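See structure below.
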Protein chains: 4
Amino acid sequence: MAKSVNKVTLVGNVGKDPEIKFAANGNAIATFSLATTDRTKDQTGNWTDRTEWHNLVAFQRTAEIIRDYVKKGSKLYIEGRIQTRSWDDKNSGEKKYRTEIIVGDLVLLSGRGEGEGGGGSSYGSRSGSTSYDQRSPASADDLVQSTEITDDDIPF
Amino acid sequence: MAKSVNKVTLVGNVGKDPEIKFAANGNAIATFSLATTDRTKDQTGNWTDRTEWHNLVAFQRTAEIIRDYVKKGSKLYIEGRIQTRSWDDKNSGEKKYRTEIIVGDLVLLSGRGEGEGGGGSSYGSRSGSTSYDQRSPASADDLVQSTEITDDDIPF
Amino acid sequence: MAKSVNKVTLVGNVGKDPEIKFAANGNAIATFSLATTDRTKDQTGNWTDRTEWHNLVAFQRTAEIIRDYVKKGSKLYIEGRIQTRSWDDKNSGEKKYRTEIIVGDLVLLSGRGEGEGGGGSSYGSRSGSTSYDQRSPASADDLVQSTEITDDDIPF
Amino acid sequence: MAKSVNKVTLVGNVGKDPEIKFAANGNAIATFSLATTDRTKDQTGNWTDRTEWHNLVAFQRTAEIIRDYVKKGSKLYIEGRIQTRSWDDKNSGEKKYRTEIIVGDLVLLSGRGEGEGGGGSSYGSRSGSTSYDQRSPASADDLVQSTEITDDDIPF
DNA sequence: TTTT
DNA sequence: TTTT
């Protein structure tokens, strides 16, 4: 029985076409960003919209669904959990943190034809796992490691 | 009417006594960490517990409730929203990120007498907003101060 | 500080145009049904869709938003709380129960032009609070009326 | 991919020791009630507590956990979904409805020794599926039986 | 029928 | 840094 709860619910729009990578064993990993807009008061007391960008990660079957149906502009309902990874930056030696939402469940809220999309051609480039596969095969089936996110991968 | 949803639900234990600071106008700001434990598979396929630490921030009346009732070890139910702040590190010049949960609602799940607590003496130092104001603006780990939160920034 | 949590999250489609009524002081009350579809196993072990209909109630400003933007077919994200009302049926004398979701927040997920809608003419009859007041108090299916909601009962 | 969301989050206290029944194939079914308290304004404009009782149902492994750890007074965090069953009352012939929360996940918030509990002896009578099978099919308040839940109906 |  |  669980002892704690770590749950996120998001409804927002996808910022760019998702990126799909593959672990050594072929399992899919999808990463993408999702924007939500909170209405907050600014410094002059007026209500302004503040856009929050969330870093989402999905694995396996969920990643495949995302590859097939989610694109730039898609409106999604997401359930997931918060996870913060940390690493020592290779240049500065400083501790760095990246907080991500691990997607557990999703509902596509745009019709399958809606959203701006990156066009059919982007699908081709997305499926280009070639450069990824050239990375060290020493990576077992460790999905976290297999993505070897470095500082340079951080998209903002 | 809202256009998006950014919602977090947590149940976990507080890592240390909350820190209370005060904005220029006297509004309270409480910061503390909360641990949740996810059960995940490790590299050998066995189930292991992975503790996730969340950075929580509360304002005004919620901060005062936290000051009065929450301490190290308290078990809490939290509703909030995810917010990521960024700034340029003064030493390395690098972009840094910190993701926090802005507390919207909370339920104290430990009895009021439960938890280890930091002792009554810690309350004295906590309420000392003076020492806070005296801290160096170069203080590296004082993230709240480093983003210069004023009354106008408080979103409630 | 709250001691308990009673929270519902729904994403689904509205079954009919919402009905709008008015309390004695003019406050709006919107009632409508929302369908969600759970995928469950049927008696032969196959996955089937089971549609669940939820009875939603909204008050005041939320009710007015619903009157203005929600119609048959609208896709909505809803946050609310569960409330079960009971009364003695006037005919059979039996205790009856009706569980409703009191809407706290909503997000319109269809574009404002989407959904089938009931046509502009339905708006005219909806806003007629007069006809509502003239209805017989014995009206069997008018559950809102049957519990005599007055301004004082409205919890927002 | 899911098309809709039907999700409930509750934190509250269990009203009585859970009742455990068994389907024909031995699968456990646990039913119990959970109280949440909403703070609402009464007719004189004062804040009053309104207790809401929720009917919870759990199946299989979750039901067994409930049998082993949950008792009268236990404080629980619950995730589940709303389900309304209907049937024709055998006496009055009227349509009746019962809304239940199907438990998906739970967290025990009281320590294992806390709560009043029904005493160890109650465990013996609880596990007696025999008496359940012997009950009259006309039994009015046996809602689980009245809808003839069989193994095939269990949605997990 | 719970709990504080 | 929590908790069981």
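Convention: sequence-line order gives letters A, B, ...; per-chain numbering from 1. This is a predicted model, so every value here is computed, not measured. When reading the values below, keep in mind they use all heavy atoms of this one structure, side chains included, and skip hydrogens, waters and symmetry mates.
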Rounded distance in Å - CD (D/E19) to C1' (E/dT1) = 12 Å
Under-4.0 Å salt bridge between B/E94 and A/K96 = yes
Separation of E/dT1 atom P from D/K71 atom NZ, nearest Å, is 20 Å
Value in whole Å for how far the C1' atom of F/dT4 lies from CG of D/L109 = 13 Å
Length of the CZ-C1' vector between B/F32 and F/dT1, whole Å = 13 Å
Under the 5.5 Å and 30° test, is B/W53 stacked on the base of F/dT2?
-> no
Would you mind reading off the distance between B/L108 atom CG and F/dT2 atom C1', rounded to a whole angstrom?
-> 14 Å
Calculate the interatomic distance between D/R50 atom CZ and E/dT4 atom C1'; express it in whole Å.
-> 19 Å
Quiz item: D/T37 side-chain donor-acceptor pair to E/dT3 base, under 3.5 Å | no
Sugar-phosphate only, base, or nothing, as touched by B/T51 at under 4.0 Å among non-hydrogen atoms | base
D/D49 vs D/K16, nearer the 5' end of DNA chain E by closest nucleotide = D/K16
Send over the distance from B/N55 CG to F/dT1 C1', rounded to a whole Å.
-> 11 Å
Gap between atoms CG and P, on D/N13 and E/dT1 respectively (whole Å) | 16 Å
For B/L56 and B/L10, what are the C-alpha separation, side-chain angles and deciding distance, and is it a side-chain contact (heavy atoms from CB on, under 4.5 Å)?
-> CA-CA 11 Å; B/L56 303 222; B/L10 302 172; 4.2 Å; yes
Nearest to the side chain of C/K3 - F/dT1, E/dT4, E/dT1?
-> E/dT4
Heavy-atom donor-acceptor pair, A/S4 side chain to B/T37 backbone, under 3.5 Å = yes
C/Q83 side chain reached by C/N6 side chain, heavy atoms, under 4.5 Å | no
